[in-house]
Amino acid sequence: MGTTASQLAKDSLSEYQELTFLTKQEILLAHRRFTELLDRDERNHPNPRVPMEVILTLPELKSNPFKTRICQVFSTSEDKDGSLTFEDFLDLLSAFSDSATLEIKSHYAFRIFDFDDDGTLDYGDLEKLVNCLTGETEDTRLTSEEMRQLISNILDESDIDKDGTVNLSEFQHVISRSPDFVSSFKIVL
Amino acid sequence: KPQDIDEDDEREKRKAAARKGSKASRKKVSKEQSDDESEEDKGRGKKSGRAVSKKEKEDQNNDKKGNKKGKDEENKDKENKNKTTSSSFSSPPSPADSDEESLSEGEIAALKEQVEEKKKLIATLRNKPWRMKKRLLLLKEAQDFVEKFEGALGKGKGRRLYAFKVMMTKKLIKFNRDFENFKTACIPWERKIKEVESHFGSSVASYFLFLRWMYGLNLVLFGFMFGLVVLPEVLMGLPYGSIPRKTVPRDEQATAMDFSVLFDFGGYCKYSVLFYGFYNNDRSIGVLQFKLPLSYLLTSVGIFGYSLLVVIRTMARNANEGGDGGDEGEFIFSWKMFTSWDYLIGNPETADNKYASITTSFKESIVDEQENQKDENIHLRRFLRVFANFLILCSLGGSGYLIYFVVKRSQDFAKMDPKTLTWFENNEVEFVMSLLGLVCPPLFETIAELEDYHPRIALKWQLARIFALFLGNLYTFLFALFDEVNGKLEAEKSIKNATEWALHQYYANYSSFYNTTNVPPPNVAPADVIRGPCWETAVGREFVKLTVSDVQVTFLTILVGDFLRAFIVRFLNYCWCWDLEAGFPSYGEFDISGNVLGLVFNQGMIWMGAFYAPGLVGLNVLRLLTSMYYQSWAVMACNVPHERVFKASRSNNFYMGMLLLVLFLSLLPVVYSMMTLSPSFDCGPFSGQEKMYDVVIDTIQAMPAFIGNIFTYVSNPGLIMPAILLMILAIYYLNTVSKAYQQANTDLKKKMQMARDDEKNRRNNQDSTNQVMKDLEDLLPNKSLAPTPVAEEKPLDIVIDKTRTTRTKPGTAGKGVEVQKEESLSAPNPRRPVTRGPGPRGGPPGNMRSPQPEPGRGRGQGRR
């Protein structure tokens, strides 16, 4: 779109400001960081796409357990490889920015947690989520009994219609009460 | 001609004509419409009611027009659609032909409405969880629309004005945006804090945010103090050396410039604008007739008022942000699960700590939930807890006594010749207080091991104990100080009598000697005048010294405890027998709670001391400024992330609560001294008055009589009592209302659950009317593979049409959907209509599944 090789066109910059929660400085910074990820010959490409592996080398994402999910959620790639264009990248930063609304944040949080992309958080999703949160090492993992207990507790609390899964509105209901969510669901460059 | 048919369909639908297959669809359409409207409501808040009714009117307009005009218009319409690849509904027929025909009033209104809606769309577009491409297209489209038809609106007389207005709004929007950018660029230390944030998570950053907030508050306080008290005195008051209170006494002059004396805030510092004693008691100074004493009093009180206001406002805002704290504990597990990861963490070590802490918190809460195992020996534990509290009370009492003892001793020292005293004896009080602050918290932590509490509860106890320690120390210090003040007041009285007597003698001698009644004032150099002890300056000096020593201790602790430690651990590790980094000393952690408590108490000292030493506020601003840089450097250079992870936002209000308490407690002694103690007779702005507040009374009496009357009435107990009663009633009322709201909340939740169940049964879980859900499905990458009927039922383009039409003309929403339907019936179209009833859902599955190219989403029918 407006992304030329090295510089953002002025009108697309203002459009991006209109469409995201980012300020001008943040967009410019994002653009600089994004072009740094590109190879030299890719920069001349009109709408370059950075593969997921390269995106994940960003220090801001490196130690995030949900990094691959984040890329997949924000990617518009047709073959679902999690690669991001600059606009996808801006989408990502906008959703994780300081001033994004709770609604946007919770929406994307839900999609990140929805590992199988079926629109609800079911038992499998929650299990994967717990495993992401407790890390890879064996000693921090929960036993299967603990896992079962934990997930049934979670479903008890947040599954309002008792269909065994947490859907988006239930998720948003839970999240909107949380005092910490907005302050912790942030990524800044 | 599908267009034709759909128009007819639309019309018939309006007339409620029964037609094959349309019944189900109509129902759905209307449902969607209402759905749209509800969505709209969400977006617009209060305005919704009005907007909906307007929209209806507009629908009627469009309908009428549609009936009247017929086919040729529709052709045009079609061209229009083809031309703009974008939605057909956003550029509806009315504006197209309105160019040719003169606009009627209703049409203009409708058009205006549309333009307004487009503008609204532009403003709210960023709140939609859609892909950037889609938003970009929508934005462009809306902007084009606005561009194009905005001019057409103002035909006739109002045109110029309208164009001007439009231009101005555009400029204003741009200016606002630039201003926002500018504002964010102006927030100090944003990048620094973000850097810390990304290394240590939001909890450590919360300390720095708190520090920055404190800095802002102090800057304002400094502005008040400096602008209203210090600056007028410096500019318009008498200069140094003109009157006794502004001059260093003769016997101190020899050492007044020594560094050790100045560092102690004696000598020239003591007789400078920093302290209370310097200010003159002239009722008004300078050409402006600035009433300095009054300003001094009011500023001191105003500082408290302003701080109180700001703290409470911040607390209220924090409370709002954090949702209602009422049903805490309702979603313990879900919150742990969904919100415990701190996305800001960008450091692998922090991430590992976080994993560990999350795991423990999961395990803990599971154990908590089970909560079945009893303590084996409950008596022993109880005994230990009581014992631990006893120990802590003892140490609190001990530290209080120690401070009292030291302050008392320092008074004895003060009477001796300062040259015979050692440095330690001079600074004993500050030294002991800092030492206590350094030693006691770890001691408490050790004692708390006995109690064996849950770590979270233990942390609260620990904080409360440190708080009690600081507070106890501060108040003991104050009591000792006031003891001293009373002693000084006694001394002052005798000096005052002596001076008066000497003056009397002088007058008597002079008049008898020269035999005249016209006596000139005694010719004594200001440095030689006998003067009282000026207890206010003494108190102010204590506070300043305390603050400075506090700064020194804090900075030294960081230098030694963090930097030196990190240095040794890092470099001695190469030649040491065990792993220093992982083993015993390791790196220091950033002690958030300790630092915040330190900051809060320091602030308490500032509030208390500002009255006696106006310069203290300026010193504090400097302190905060340096500690911002110093601490952010130290934390990045030599600390490792905390293992016990604090939650940022909730503890924030906890800190604020402490700050409020400290503010209140520091208000008491100041007000006490203002109201009951009599000021020194020869120094400070209130000298010569019986009580400090006499300045206010004087001012009121100097005003016209009716204002004085008003004040008398207001201070009448007969008026104050009812006012207090009224306030109590208001509190009671608000309390009741909040309870009622809580009740209503739970009721609504129950209702929601029931409605949800009901809906589920009725629709058999085949469709969801929720707009939010649809947006979600739109974004799911493998939606075409999703096996649920929900996903098949609702192809994306229609979802989008719907949302778009919401913003333009809901009346045409049904029409748009109908278009789709007719199309898909006539020709095999990959996009499945949403309007079909749940029943006959046939169609070649290949069609349904055919994947749509991403960019084309939502733009389907434009390209048809």
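When reading the values below, keep in mind they use all heavy atoms of this one structure, side chains included, and skip hydrogens, waters and symmetry mates. Proteins get letters first, then strands, A, B, ... in listed order; numbering begins at 1 in each.
A:Cys132 SG to B:Trp341 CH2: the interatomic distance, rounded to the nearest 0.5 Å, is 9.5 Å. Between the NZ atom of A:Lys24 and the CD atom of B:Glu180 there is a distance of 14.0 Å, given to the nearest 0.5 Å. Note that CG of B:Leu139 and OG of A:Ser14 are 8.0 Å apart. Values are rounded to the nearest 0.5 Å. To the nearest 0.5 Å, atom NZ of residue B:Lys140 and atom CD of residue A:Glu15 are 4.5 Å apart.
When heavy atoms are compared at a cutoff of 4.5 Å, A:Leu19 approaches chain B by way of both its backbone and its side chain. Interface residue A:Gln25: only side-chain heavy atoms are found under 4.5 Å from chain B. The parts of A:Leu126 that come within reach of chain B are both its backbone and its side chain, each placing non-hydrogen atoms under 4.5 angstrom from that chain. Using a 4.5 Å cut-off between heavy atoms, A:Lys186 touches chain B through backbone and side chain atoms alike. Only the side chain of A:Thr101 comes within contact range of chain B, with at least one heavy atom under 4.5 Å from a heavy atom of that chain. Neither the backbone nor the side chain of A:Leu92 comes within less than 4.5 Å of any heavy atom in chain B.
Ring pair A:Phe185/B:Tyr343 is perpendicular by interplanar angle, where above 60° counts as perpendicular and below 30° as parallel.
At a threshold of 4.5 Å between non-hydrogen side-chain atoms, the residues A:Phe181 and B:Phe338 do not count as touching.
Residues A:Pro65 and B:Tyr355 approach most closely at CB-OH, 3.5 Å, considering heavy atoms.
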